[in-house]
Amino acid sequence: MSYSPLELAGKHQSVESCWESYRKRPEFEGFVEFVISLNSLTEFLQDKGLAGLTHAGQSLEQLALSLFGDDSNHPLPAEAQVEISGLMARLSQAMQQHLADVKLRQERRAVHGEAGPVADAPGFRSIWLLSKQAERWQDMLAQLGYFGMKASSHHYHELPPVMDDMPMLLLDATGCELEEWQHRLAALRAQLPACRIIGLSMRAEFNLLQSSLAGGCDICLLEDTPVDQIVARLLELGEPVDLEPFRILIVEDSLTATKLVQRALDERQISTQAIQDPKQVLHALHQFNPELILMDMHMPGCTGVEATRIIRQDNHYLSIPIVYLSGETDVALQVEALRLGGDLFLTKPFNPVFLNAIVKSKVERYRALRRSMYHDSLTGLLNHTSTKTSLEASLSSMLAQGQPMTIAMIDIDHFKRVNDTYGHPMGDQVIRSLAWLLRQRLRKTDIVGRYGGEEFVVGLPGVDAAQAQGILDRIRTDFACIRHPYRDQHFSVSFSAGAADHTISGDAEDLINAADEALYHAKREGRNRIHLARRTPNAA
Ligand SMILES: Nc1nc2c(ncn2[C@@H]2O[C@H](COP(=O)(O)OP(=O)(O)OP(=O)(O)O)[C@@H](O)[C@H]2O)c(=O)[nH]1
């Protein structure tokens, strides 16, 4: 996950100038601009995982929204303006410090020959543990290392300079009195305003948790959380955020109303398409594949409710969220509209920040629903069917470009024994850990799917069998080193894999079968190894 510091500085600058403009001409219209720019900055900070800055932006946004009102509430009273200016100053200070840190890191990288215009936001490859009892966490740090994290332990007063990635900080509360803990948290928040801070080993005491969350802790993990659950949580936090822009279809006959909606959504870089004629809606759905529809109520030739009913006749569009955005205030009509297929009714004039929040939550839920259709629930990897579809598409694209491609089948060794000895839930945890490892180690463009039980399929576009062997072998070695905790002991597990590349066949199904055959050889040869499928001498 990366972003341009210039883009961040630009968004912050826009908030500052909107506020300055409002102070000079304190009218409602100007306040709306200020809130929209602030919302855009806050969402950007959140998307990029810049935790401390997000807190500062959100406090300011909450205050601004509580004062939003309408024409009659502006100019805001002097004390409200002073309060906003105070939070603006706090945000500016944190922002300046963060941008200075980014600049310093870029200079350091330039010295090391890695100069680039892009700053790394926390992809959480680096984890710093700050603990009075670091030796207690060695096992956890080692496990994180196997999953590709650079996990290290440091003293509070001797933090190293931030080099490549913005680290995630793990703050161990063991042996800290409340006052000392709050002091340390505040100092770290000030020193590293953008980092995510996770409290470790925290007592389940209301005051401690309340002051920690208010003081800048992003997540508090309680003292009885098992190490494997901590590791799982940290790996989840390190998952890349889905940054695909939302696609919204606007069905609205008035060009002015369309422009107002687009202006509110454009600030969030939401991709919109507008149609004036509701009769074009099926065509637009097919072409644009939106993730939410904003529907006007009264349009010539067809009402929004009629258009919605027509959309819902097609099974493909049964779950797409449809939000009415209309001046209609008749509650009976609103209820009717919801009964006939709509999800929500917003009345005009709308608050742009509220509209953004609705769009965001509805689209995220829609995406989660769609993810569950294509992904395996235990591991989050592609499921059997979508793995096959993705492999077929990737292989034909690689062959068309004259590029190699390898497909590998991976199977955990003696997995029945794991279930029988440690129980099914522990078996599930082992499956999950292999899924995480594969995702951490392979590229975004690689295909990783759970094919069944303890069997995985991997597609490596642009990679031939010999290269794939090297890649898979490194993953195999690390997987075998992971110590899975069970009660007060640990156990290890290995996997075997078979791989076949495009020279065997240009058909994905054939390659999967060849890889499966090679996997069978790997098992027969003693397991914990990679076997490559060979071309039969008389094959064309
Ligand atoms: N915990 C858990 N176990 C599963 C899941 N799916 C399948 N299994 C179990 O995985 C085991 C697979 O065992 P086998 O195919 O006999 O082979 P194996 O023990 O892995 O031995 P080799 O593959 O020959 O090394 C079976 O006991 C299944 O019940 C799952 O989702 N979770």
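Small disclaimer: the values here were computed from a predicted structure and weren't measured. Numbering of ligands and ligand atoms starts at 1, following listing order.
A salt bridge is defined here as a Lys NZ or Arg NE, NH1 or NH2 lying under 4.0 Å from an Asp or Glu carboxylate O, and R443 with D446 meets this definition. Note on R441 versus D473: no salt bridge recorded, every NZ/NE/NH1/NH2 to OD/OE distance being 4.0 Å or above. Note on R184 versus E180: salt bridge recorded, some NZ/NE/NH1/NH2 to OD/OE distance being below 4.0 Å. Ion pairing of K362 with E291 is absent here, as no side-chain N (NZ or NE/NH1/NH2) approaches a carboxylate O to less than 4.0 Å. Taking a cutoff of 4.0 Å between a charged side-chain nitrogen and a carboxylate oxygen, R527 and D411 do not qualify as a salt bridge.
Here the heavy atom of the protein found nearest to atom 32 (N) of ligand 1 is D428 OD1, 2.7 Å. Atom 7 (C) of ligand 1 has G453 CA, 3.5 Å as its closest protein atom, hydrogens excluded (heavy atom only). Regarding atom 10 (O) of ligand 1, its nearest protein heavy-atom neighbour is F415 CD2, 3.2 Å. Looking at atom 22 (P) of ligand 1, its nearest protein heavy atom turns out to be K523 NZ, 3.4 Å. Scanning all protein heavy atoms for the shortest distance to atom 17 (O) of ligand 1 gives E454 OE2, 4.1 Å. Among all non-hydrogen protein atoms, the one lying nearest atom 19 (O) of ligand 1 is K416 N, 2.8 Å.
Contact atoms of ligand 1 toward G427: 1 (N) (distance under 4.0 Å to a heavy atom of the residue). Distances below 4.0 Å separate heavy atoms of D413 from the following atoms of ligand 1: 25 (O). For ligand 1, the atoms sitting less than 4.0 Å from at least one non-hydrogen atom of R527 are 22 (P), 24 (O), 25 (O), numbered in the order shown with element in parentheses.
Note: Y486 and F491 have perpendicular aromatic rings, judged against thresholds of 30 and 60 degrees for the angle between ring planes.
Of the polar atoms of D411, at least one N or O is found under 3.5 Å from an N or O of ligand 1, judged by distance alone. Taking only nitrogen or oxygen atoms, main chain and side chain alike, L378 does not reach within less than 3.5 Å of ligand 1.
Residues E364 and F246 are in side-chain contact: their nearest non-hydrogen atoms beyond the backbone lie under 4.5 Å apart.
Heavy atoms of R450 come nearer than 4.0 angstrom to ligand 1 in at least one pair.
When heavy-atom distances to ligand 1 are checked against a 4.0 Å cut-off, N419 comes that close only through its side chain, counted from C-beta outward. Residue contacts with ligand 1, taken as heavy atom pairs separated by less than 4.0 Å, do not involve R432 at all.
Judged by distance alone, the side chain of R309 and the main-chain N or O of G341 form no donor-acceptor pair under 3.5 Å.
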Candidate pair H316 and L285, rule side-chain contact (heavy atoms from CB on, under 4.5 Å), full reasoning: CA-CA 10 Å; H316 279 105; L285 281 171; over 6 Å; no
